[in-house]
Amino acid sequence: MTPKTEQELLFRAKSLAGLTFSELAKELSIPVPENLTRDKGWVGTLLETALGANAGSKPEQDFQHLGIELKTIPVNSQGKPLETTFVCLAPLTQNSGVSWESSHVKNKLKKVLWIPVEGERHIPLAKRHIGYPILWEPSLQQEQRLKRDWEELMEYITLGKLTLINAKLGEVLQLRPKGANSRSTTKGIDQYGQIIDTLPLGFYLRKEFTADILNNFLYEK
DNA sequence: ATTTGATCATAA
DNA sequence: TTATGATCAAAT
């Protein structure tokens, strides 16, 4: 089921382009929910299943043997992202010696298969179309920007400045809550170096950054 | 509680 | 109108 090579994965992904969610879901015998309110991960899971990703919630890349992460990204009629993109949870403790090179962010974004999907809410979920896939690796410039933001944001975390963190920090990467709700907790470090219960945070890519990825693909062709 | 998959919905 | 902060579901 799982593709053996990058070429095979890409070929499969290309073959899905143009299908609607209901067409693909029918092939896979998966029911289509009315909307995404209570099924926010449905589109991502649908594409994972279709492409043979090792489903489940393991902390690894979707196609570990290929070193590729799969991301669906909702876009509007002009192909621009409608949402930010979750990358990974931010480690709030045990960060001594963690560098950009060894970070989860860098490793997650080494190679990403982006699949744009129609995301405008006026289109019924079942009728939304799957777009043409883009296999992306960060350019030197893109990685530099990511690294700069990551280092700035990690400084807030390691220095115990969690209360000063908000989504406005970071040019292309931001930190935002990532949990079941605002009462979710995880362990963090306060300004005195003490372990505290705090809101789990995740790294997200700003829309401008992912728009660039999708847009640059246009010029490569 | 934490990881995966993300989008929702209200404040600004 | 849009970005920030909040939230939803499944698997582990």
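First the proteins, then the strands, lettered A, B, ... as listed; each starts at 1.
- Nearest-nucleotide positions on DNA chain C place A/Leu169 closer to the 5' end than the other of A/Ser182 and A/Leu169.
- Proximity note for A/Arg176 (side chain, C-beta onward) versus C/dT7, B/dA6, C/dA6: the nearest is C/dA6.
- A/Gly179 comes within contact range of at least one nucleobase, with a heavy-atom separation under 4.0 Å.
- When each of A/Val87 and A/Thr37 is assigned the nucleotide of DNA chain B with its nearest heavy atom, A/Val87 is the one assigned upstream, toward the 5' end.
- Under 4.0 angstrom from either OP1 or OP2 of C/dA3 there lies at least one side-chain N or O belonging to A/Lys207.
- Taking the ring axis of A/Phe86 as reference, the NZ or CZ atom of A/Lys178 stays within 45° of it and closer than 6.0 Å to the ring centre.
- Which of B/dA9, C/dC8, C/dT4 sits closest to the side chain of A/Arg121 comes down to B/dA9.
- Of the side-chain N and O atoms in A/Gln174, none sit less than 4.0 angstrom from OP1 or OP2 of C/dA3.
- At a threshold of 4.0 angstrom between heavy atoms, the contacts of A/Thr84 include nucleobase atoms, whether or not backbone atoms are also involved.
- A/Leu201 places its CG atom 17 Å from the C1' atom of B/dA6, with the value rounded to the nearest Å.
- Using a 4.0 Å heavy-atom cutoff across all strands shown, A/Gly41 reaches at least one base atom of the nucleic acid.
- Protein atom CG of A/Asp62 is 8 Å distant from nucleotide atom P of B/dA6, rounded to whole Å.
- For B/dA6, its base sits under 3.5 Å from the side chain of A/Tyr204 at one donor and acceptor pair at least.
- The CD-P distance, from A/Gln64 to B/dT4, rounds to 12 Å in whole Å.
- Here A/Arg145 does not pair with A/Glu143 in a salt bridge; the nearest charged N to carboxylate O distance is not below 4.0 Å.
- In the interface, the side chain of A/Lys40 is paired with the base of C/dT7 through a donor and an acceptor atom under 3.5 Å apart.
- Contact check on A/Lys106 versus A/Glu101 returns a salt bridge, with a Lys/Arg side-chain nitrogen under 4.0 Å from an Asp/Glu carboxylate oxygen.
- A close approach under 4.0 Å does occur between a side-chain nitrogen or oxygen of A/Thr186 and OP1 or OP2 of B/dT2.
- A close approach under 4.0 Å does not occur between any side-chain nitrogen or oxygen of A/Arg38 and OP1 or OP2 of B/dC8.
- Contact check on A/Arg12 versus A/Glu8 returns a salt bridge, with a Lys/Arg side-chain nitrogen under 4.0 Å from an Asp/Glu carboxylate oxygen.
- The residue among A/Ala180 and A/Glu83 whose nearest nucleotide of DNA chain B is located toward the 5' end is A/Ala180.
- Looking at A/Lys168, its side chain has no donor and acceptor atom pair within 3.5 Å of the base of C/dG5.
- Judged by the 6.0 Å distance and 45° axis criteria, A/Arg128 is not positioned over the aromatic ring of A/Phe21.
- Atom pair A/Gln78:CD and C/dT1:C1' shows a separation of 14 Å (rounding to whole Å applied).
- Summarising the local packing, CG of A/Leu135 is surrounded by more than 12 heavy atoms from other residues, nucleotides or ligands at distances under 6.0 Å.
- For A/Thr185, whose side chain is taken as the heavy atoms from C-beta onward, the closest listed nucleotide among B/dA6, C/dG5, B/dA1 is B/dA1.
- Phosphate contact (OP1/OP2 of B/dT4, side-chain N/O of A/Lys108, threshold under 4.0 Å): present.
- Looking at heavy-atom distances under 4.0 Å, A/Pro74 makes contact with sugar-phosphate atoms alone, never a base.
- Here the nucleotide nearest the side chain of A/Asn166, chosen from C/dT4, C/dA6, C/dG5, is C/dG5.
- Between the P atom of B/dG5 and the CD1 atom of A/Ile30 lies a distance of 16 Å, rounded to the nearest Å.
- In this structure, the nucleotide among C/dA6, B/dT4, B/dA6 sitting nearest to the side chain of A/Pro177 is C/dA6.
- Atom pair A/Leu82:CG and B/dA6:C1' shows a separation of 13 Å (rounding to whole Å applied).
- At whole-Å resolution of the value, CG in A/Asp39 and P in C/dT7 are 18 Å apart.
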